[in-house]
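In what follows, a structure is listed as structure tokens, so that the remarks can point back to it.
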Protein chains: 2
Amino acid sequence: MSRAPAPDPELLPAEIEVGERLRELGLDTALDLDAMAALSNVFRAANAARSQLERSVLTVHDLSFTAFTVLWVLWVWGEHEFRDVAANSGITKGTLTGVLSTLERRQLVERRRHDEDRRRLYVALTRRGTSLMSKLFVTFNRGESAIAAGLDPGERHELARLLRKLQRSVEGVDQSGPGNG
Amino acid sequence: MSRAPAPDPELLPAEIEVGERLRELGLDTALDLDAMAALSNVFRAANAARSQLERSVLTVHDLSFTAFTVLWVLWVWGEHEFRDVAANSGITKGTLTGVLSTLERRQLVERRRHDEDRRRLYVALTRRGTSLMSKLFVTFNRGESAIAAGLDPGERHELARLLRKLQRSVEGVDQSGPGNG
DNA sequence: CGACTATCGTTTGGACCCGAATGATTAACG
DNA sequence: CGTTAATCATTCGGGTCCAAACGATAGTCG
């Protein structure tokens, strides 16, 4: 479906097609195509990497990406408060409740009420969960390594640097409005 | 929770903490930290940008990110076959069935059977859907622009280039195994 | 032509995702 | 001390996400 060669041979096929289509629609001048290119590739790359890691590493352990993230947060930090686990895993407390129920049923985590404030909850890996993560994270990281091997070391650093900058920018946009720049 | 200043001041707080923690666990030498940094930032940046765009642009229209993606695919390409819409939106056919039901109920899309092969389905925006997207995509793109404004133009190009390379790398890993490099 | 295989979108079952409401618990106030 | 407000995790309702099975339809084969 490609037409004349795109000016930038680095573009993915999907991008070439969309770019030409937006030109046909007369929208290419009305849009910030640079921003669109940057962000749509963030989304696509994240989806692709996540799917690949789920398929090759997580599915055999019957774990979703989010379940793995929660286990990872607990593995790195040890027993932690429920609300902090949610924050560090990037999900809401409502979602974490469900994910923990699944992991508890699998006997990978356990919940414990705070001694003094019974509203609060601690969460920790079980021995079984710790044992799983000790092996699984190395495998997961090998999967990350295989994916990142397509970039040279300088490129990996640069990618990480640009993405951090982007995250800071998102935070800046988030706080735009009264009282902020 | 930060300890002595991290060697790289560009790191996000969460990364500094995790890096120190992995050192404490004696894992820093066993892991590919560059790959981990690159990929974890892809996931975090994608989540942050997606949440920001959902909050600021999509929620007021009662649209999920995926619903918007489907509308966008139909807006750019016009009436399209169901299976291609799923592929271009990055979701399975099962998921698309549900998303289309939601959008159909909102009278934003319509389904039409193929004239000759009644297994196949065409999907198109309704006039209402087209009208919504004509306004919404510009707003969405402005949101993208606000986020990407944290990077200068050269950085945006470089980010997109590195992410494309990463996607190609994922594809290469996906096909690794018998019959492939 | 009938039998068999393949393809299509839907359905199923289970998991996740969110915002908002809820009940239990704690903190603050007069 | 009782009342009110705030905080916590869970529940609710609705949407999404997947793989696999399913029923309808089309293609292939002998």
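So you know, we letter chains A, B, ... as the sequences are listed, proteins then strands, and number each from 1.
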Go through the steps for A/Leu103 and A/Leu63 under the test side-chain contact (heavy atoms from CB on, under 4.5 Å), then give the verdict. CA-CA 9 Å; A/Leu103 293 174; A/Leu63 286 173; 4.0 Å; yes
Starting at [atom1] of [X] and ending at [atom2] of [N], how long is that distance when rounded to a whole Å?
X	N	atom1	atom2	answer
B/Arg50	C/dC17	CZ	C1'	9 Å
B/Arg120	D/dG23	CZ	P	23 Å
B/Glu104	D/dT16	CD	P	13 Å
B/Arg113	D/dA24	CZ	C1'	9 Å
A/His114	C/dA24	NE2	C1'	16 Å
A/Arg112	D/dC8	CZ	C1'	16 Å
B/Glu81	C/dT7	CD	P	15 Å
A/Phe43	D/dC17	CZ	P	13 Å

When the nearest nucleotide of DNA chain C is assigned to A/Arg118 and to B/Ser51 on a heavy-atom basis, which residue is associated with the more 5' position? B/Ser51
Does A/Glu116 or A/Leu100 map to a spot on DNA chain C nearer the 5' end, using the closest nucleotide for each? A/Leu100
Ignoring backbone atoms, test whether [X] places a side-chain nitrogen or oxygen under 4.0 Å from the OP1 or OP2 oxygen of [N].
X	N	result
B/Arg111	C/dT10	yes
B/Thr102	D/dT16	yes
A/Thr92	C/dC18	yes

Can you tell me which nucleotide in [options] comes closest to the side chain of [X]?
X	options	answer
A/Thr95	C/dT25, D/dT7, C/dC18	C/dC18
A/Phe82	C/dT25, D/dT16, D/dA9	D/dA9
B/Thr66	C/dC16, D/dT16, D/dC8	D/dT16
B/Leu121	C/dG9, D/dA9, D/dT16	C/dG9
B/Lys93	C/dG9, C/dA15, D/dA26	C/dG9
A/Ile91	D/dA19, C/dC17, C/dC8	C/dC17
A/Arg119	C/dC16, D/dT7, C/dT11	D/dT7
A/Arg105	C/dG9, C/dA15, C/dC16	C/dA15
A/Ala67	C/dC16, C/dT26, C/dT11	C/dC16

In terms of ring plane angle, is the pair A/Phe140 and A/Phe137 parallel, tilted or perpendicular, where the classes change at 30° and 60°?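 The rings of A/Phe140 and A/Phe137 lie parallel, inter-plane angle below 30°.
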So B/Thr97, base contact, sugar-phosphate only, or nothing? Heavy-atom distance under 4.0 Å.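 Touches a base.
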Working to the nearest 0.5 angstrom, can you tell me the gap between B/Tyr122 OH and B/Asp115 CG? 7.5 Å
With heavy-atom distances below 4.5 Å as the criterion, would you say the side chains of B/Ser89 and B/Trp72 are in contact?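 No; the side chains remain at least 4.5 Å from each other.
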Between B/Gln167 and A/Asn41, which heavy-atom pair has the shortest distance, and what is it? NE2-OD1, 2.9 Å
Does the A/Arg113 side chain pair with the main chain of A/Arg119, one donor and one acceptor, at a distance under 3.5 Å? yes
